[in-house]
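Every chain is numbered from 1 and lettered A, B, ... according to where its sequence line falls, protein lines coming before strand lines.
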Amino acid sequence: MSEAVIRVVGLGKSYTTAAGLFPALKAVDLRVDAGEFVAIMGPSGSGKSTFMNLLGCLDTPTHGDYFLVGRNVAQLDKDQLAVLRNRTIGFVFQGFNLLPRMTLEDNVALPLVYAGVDRDSRRARARQELGRVGLADYASSLPSRISGGQQQRVAIARALINSPPLILADEPTGNLDSQTSEEIMTLFAGLNRQGITIVLVTHENDIAAHAQRQVRFRDGRIVSDQPTPARESA
Amino acid sequence: MRKAMLGEAWRAMGANRLRTVLTMLGMVIGVGSVVLMLAIGQGAQYAVAQTISTMGSNLYILISGSTSASGLRSGGGGGPTLTVADGEAISELDGVANVAPVHQGTQQLVYGANNWNTTVVGTTPNYLEARAWTLVSGYPFGDSDVRSATRVALIGQTAVDNLFGSDDPLGKTLRIRQSPFVVVGVLGRKGQNLDGRDQDDTVIIPLTTAQRKVFGTPFVGSVRLMMVQATSAEAMPLVEKSLTALLRQRHRIREDQENDFYLRNLAAAADSAAETTRVMSMLLGAIASVSLLVGGIGIMNIMLVSVTERTREIGIRMAIGARQRDILTQFLLEALMISVAGCLIGLLIGIGGALLTNALTDMVIVISGTAVLVAFGVAAAVGVFFGYYPAHRAAGLDPIEALRHQ
Ligand SMILES: Nc1ncnc2c1ncn2[C@@H]1O[C@H](COP(=O)(O)OP(=O)(O)O)[C@@H](O)[C@H]1O
Ligand SMILES: [Mg+2]
């Protein structure tokens, strides 16, 4: 059996608040294998984002272990984590998080700058990724000139550019209307068919329906983990 | 990679142009004033060095009369205490190169319809040698002219300009106190002395002629001034000692009596003038450096604001793989770019200001390559030094904290 893309064991995170230590995530175990498309669901405040930040190596757990493509991230320093994020993870955020002063092409190419790729290759690959999300014509536009759905496509192109095995998306359709959301989810499903592992947070059933597996959180714990039920007719 | 970052730094500068320009202004003013002040300071040093070189080297002025705390006062109430014979005795001393007794005063020169008040110097041929004064035309007078008190004159450039205009003065006859003098030589230009007096506003004639026919002194053979030149700077202390001993003996001064003469070391005066201008130019530079410092603090201030404003951007960059040193480099480059750009503009303005100062005043301006390089180096150092703290702060941000920042 090959190594899981994500394996967490007893993972927990407590925030220090004015009222004392607040356990947002409590001893979570999860394994995600290569090629899976997992939807993380649950009510607001159930710890989904906390969990995603840990999966993204953006935050450090208070207890438990996390193995990303077989590596124990607790043993890596800040710069090693940066390199790991750069090569292994593509992030898609709810608020798109494009850099407003850069052209779309430069936004998409930015991970390659930190990967040390030369300028010509960066440009060629950025255009290719923009084409993959259907925005080849907007390469030299600024983010403010395109719609939210288009911005999220650009963010997906950026997430893809370093060919990471894993995409983490925390409510990527949260700021989009239902039709645009549907388009974005179709895009994700297509990427998943190409072999990319996807972990995506949503609290909408329609969105989660695109995944093969649904993991539900409540009060910082996983309360259910099952395959997506067959789709009802709309 | 570095190139991509340079491009980004450039873009960041362009993103808030007014702010960038205002930040740069601090560096512009700082570097501009350093360059200008150094140019003025070095110009002053150059001017003093130039003046000193016209003075003649290793020189003393021997002055008749005694000194006291209040300065110089006339000795014994009578005439000058120094004699031509004293001068001859001094010239025999070890380490003495030249001795020239001087009797000088202001007189009116007349040539044709022109007249001009100038300093008439009665002296011996040694005077020119001691002052390292060369002639541009004609010949100097000799010892025989002094012995027979001939009416010959060497004329300085300012006197030439005012009396003769564009005429060639050589061989012409001018009058001093009704006596006719033939101009036998024209002195080279020397400019101002350390006290700011025009050294070219002068006429030099034989000492004997001056005393008998121009000034009409009752003390012929005695003088108030003597130029004494040592053979070298090293010989000067020895000359000072032996000359004092010799004169005290010749003037029969008792142990408990003060000297009836005063020896002024012109070389030392020159050194102190040079030192004064050196200190002054350092002071100017130091004051200007303060504005450079203020410019640097301005950069730090703006960079700190920029880091705070761009916290979210930093978070995004970290999420997609920026290492700490990438963020550090990015912000350091931005600070460096602002300060180097400010420095370049400041250099241009400083050099322009120096040239303008030169054009509008008669101040000497020296723009040295070293000063420019130093200003540039300091500006770059200021950029790195004051840019480091904000950049370090940016690089040290926690990725998730930065991403949460609104
Ligand atoms: N930085 C933080 N400091 C303190 N408490 C936090 C912080 N982030 C989240 N929380 C708390 O942790 C809990 C889980 O939050 P989160 O993971 O964002 O939930 P979700 O994404 O499922 O809505 C919430 O109660 C929230 O208030
Ligand atoms: Mg959330």
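In plain terms, the two heavy atoms of A/F93 and B/A319 that are nearest each other are CZ-CB, 4.1 Å.
Scanning residues 67-85 of chain A against chain B with a 4.5 Å non-hydrogen threshold yields A/K78, A/D79, A/A82, A/V83, A/R85, sorted by number. For residues 286-314 of chain B, heavy-atom neighbours of chain A at less than 4.5 Å comprise B/R310, B/R312, B/E313, sorted by residue number. Of all residues in residues 40-60 of chain A, those placing a non-hydrogen atom less than 4.5 angstrom from a non-hydrogen atom of chain B are A/N53, A/L58, A/D59. Contacts between residues 135-162 of chain A and chain B, counted as heavy-atom pairs separated by less than 4.5 Å, involve A/R158.
The line from CG of A/N86 to CZ of B/R323 is 8.0 Å long, rounded to the nearest 0.5 Å. From A/N107, atom CG reaches atom CD1 of B/I320 across 8.0 Å, with rounding to the nearest 0.5 Å.
Residue with the most contacts toward chain A among B/Q324, B/M318, B/R317: B/R317 (heavy-atom pairs, distance under 4.5 Å).
Neither the backbone nor the side chain of A/R119 has a heavy atom closer than 4.5 Å to any heavy atom of chain B.
Taking the side chain as every heavy atom from C-beta outward, B/I316 and A/F91 never approach each other to under 4.5 Å.
Within 6.0 Å of the CG atom in B/N193, the count of heavy atoms belonging to other residues, nucleotides or ligands exceeds 12.
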